[in-house]
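Residue numbers count from 1 along this sequence.
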Amino acid sequence: MTSRKHVCQIVPPYLMQRLDAGRLDQDNAFRAARTEHLTRVLAQRPAPEAGETTAEAGDWTVYTANNGTDLPGEKVRAAGDPDSGDESVDEAATGITGSLALFEEVYGRDSYDGQGIEVVMTVHYDRDYANAFWDGTQLVFGDGDGEIFQRFTKAVDVIGHELSHAVTEHTAGLVYQGQPGALNESMSDVFGSCLKQRLLGQSADDADWIIGEGLFTETVQGVGLRHMLEPGTAYDDPTLGKDPQPAHMDDIYDGTDDNGGVHINSGIPNRAFALAAKAIGGNSWDGAGKIWYAALTSGAVTTETDFAGFAAATIAEAGEQAEAVTTAWSEVGVTPASGTSAPDGEQPTVVKVRRSGGFLGRTKEGAAELAPSAAHVAALRNLVAGGAAPSKPKGADRYIYEFEVDGRTVVVHEGDMSPELRAVANELLES
């Protein structure tokens with residue numbers, strides 16, 4: 001099976017186009033080549049041997065590309081090492097340490113995959129590269145062009161933003177297109193902002209709610225890339241133009257640029273979060289942040305969830321703060337999807353398995369309708385969200401399993417099946 005991965009970047013394509021008309025084409029070509037390369041690498045990667053463990057919680061490594069484009073580059077610093085003296089390296093180290101601490105200490109998540117995987121970062125990517133991105137395996141940061149942007153490790157919320165893309169990929173797996181893609185971007189802004197506020201010790205009322213503060217050079221007329229509380233006000237500059245983010249559904253962008261406006265329309269759920277955080281009071285990461293994280297990982301949010309569906313999921317997780325959350329979504333013009341605001345109203349999700357191969361070469365199929373919050377559904381969503389190509393078969397005459405949930409499939413060879421996954425398969429095949 002061929003997987004499709006999207007490189008999630010902090011700077012929207014419409015800004016990249018204004019910086020350099022040829023740069024966007026260059027970036028698109030790079031992402032296409034990188035995706036093809038990742039598919040080959042993942043297909044060739046050997047599965048862990050029995051008893052092999054993942055990296056310890058909090059593990060990270062920072063590399064430098066030395067202004068080249070080979071990834072990950074040269075290793076400079078790892079968790080537990082002293083400062084390197086390289087500003088970008090040490091800023092990346094501080095940012096990822098804080099990001100991992102946020103997810104583990106506040107949300108109980110061990111790294112972005114929930115199992116303590118090592119985080120790989122590369123700084124000094126390319127020359128004058130004005131962007132930062134998550135490419136499906138690691139975080140990458142450019143030094144900026146020196147005219148509009150400074151180095152992208154300078155804003156700690158950018159580091160939190162990119163790591164959060166990895167968390168979303170390994171949980172709900174929101175597709176990077178249209179409203180689900182805008183939610184994907186918004187989730188990264190949400191947790192990036194929570195990180196920034198937590199490190200600064202700010203309450204939701206004290207926070208500036210600016211994403212990417214400090215990235216612009218002094219020549220730019222703007223405060224940052226986005227303003228979560230007041231979308232559309234982050235910048236108004238002769239070179240960059242005016243911040244295009246809408247603050248309400250009445251002004252939602254419905255064009256095809258930017259994958260259907262993923263960086264533009266994220267202003268709507270961004271404002272809903274900021275309003276909810278302020279209404280709940282206290283700090284954002286413990287208040288609204290816990291509600292948003294619970295919704296993202298509840299199983300009620302699927303790859304195709306839109307604003308209305310996500311609003312319903314947050315309200316369902318809000319408990320005594322449900323009124324504040326409902327009001328926040330109402331203020332941005334989002335009406336929660338009906339039938340999904342509580343477990344009793346969950347719409348069933350169809351999950352399927354197809355087993356082929358084996359000594360007899362027979363194929364058997366099974367399917368079941370399960371509640372979106374069911375453990376099996378969450379486990380399978382995490383599996384298909386990984387999007388990796390199947391590993392090479394181990395041994396002869398063994399089964400091949402193909403799982404499908406939310407219209408996405410993944411192939412797993414019998415030799416790579418965990419006991420939990422095997423139990424799920426057997427249960428579905430007997431349905």
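Leu215 contributes atom CG, which lies 12.0 Å from atom CD1 of Ile148 (distance to the nearest 0.5 angstrom). In this structure, NZ on Lys75 lies 7.0 Å from CG on Asp81, to the nearest 0.5 angstrom.
In this structure, His161 and His165 have perpendicular ring planes: the angle between them is above 60°, well past the 30° mark.
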Please lay out, stage by stage, how Gln115 and Asp110 fare under the test side chain to side chain contact (heavy atoms under 4.5 Å, CB included). CA-CA 5 Å; Gln115 299 179 18; Asp110 190 358; over 6 Å; no
Evaluate the side chain to side chain donor-acceptor pair (under 3.5 Å) criterion for residues Ser88 and Asp90: first the C-alpha distance (whole Å), next the side-chain angles of each, then the deciding distance (0.1 Å), finally the verdict. CA-CA 6 Å; Ser88 294; Asp90 295 332; over 6 Å; no
Thr122/Thr64 under side chain to side chain contact (heavy atoms under 4.5 Å, CB included): CA gap, chis, key distance, verdict: CA-CA 5 Å; Thr122 297; Thr64 177; 5.9 Å; no
Test side chain to side chain donor-acceptor pair (under 3.5 Å) applied to Asp86 and His124, step by step: CA-CA 10 Å; Asp86 182 314; His124 302 308; 2.9 Å; yes
Report the C-alpha distance between Thr239 and Val220 in whole Å, list the side-chain angles of each, state the deciding distance to 0.1 Å, and finish with yes or no for side chain to side chain contact (heavy atoms under 4.5 Å, CB included). CA-CA 8 Å; Thr239 300; Val220 178; over 6 Å; no
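In this structure, Leu229 and Ala274 approach most closely via the heavy-atom pair CD1-CB, 3.8 Å.
Residues Gln245 and Ser266 have side chains that bring a donor and an acceptor to within less than 3.5 angstrom of each other. In the model, Gln197 has no side-chain atom that pairs as donor or acceptor with a side-chain atom of Trp209 under 3.5 Å. Remark: the Asp126 side chain and the Thr69 side chain contain no N/O donor-acceptor pair separated by less than 3.5 Å.
In Asp70, the CG atom is not crowded: 12 or fewer heavy atoms of neighbouring residues, nucleotides or ligands sit closer than 6.0 Å. No more than 12 heavy atoms of other residues, nucleotides or ligands lie within 6.0 Å of CZ in Arg354, so this atom counts as exposed by the packing criterion.
With salt bridges taken as basic N to acidic carboxylate O contacts below 4.0 Å, one links Arg151 and Glu91.
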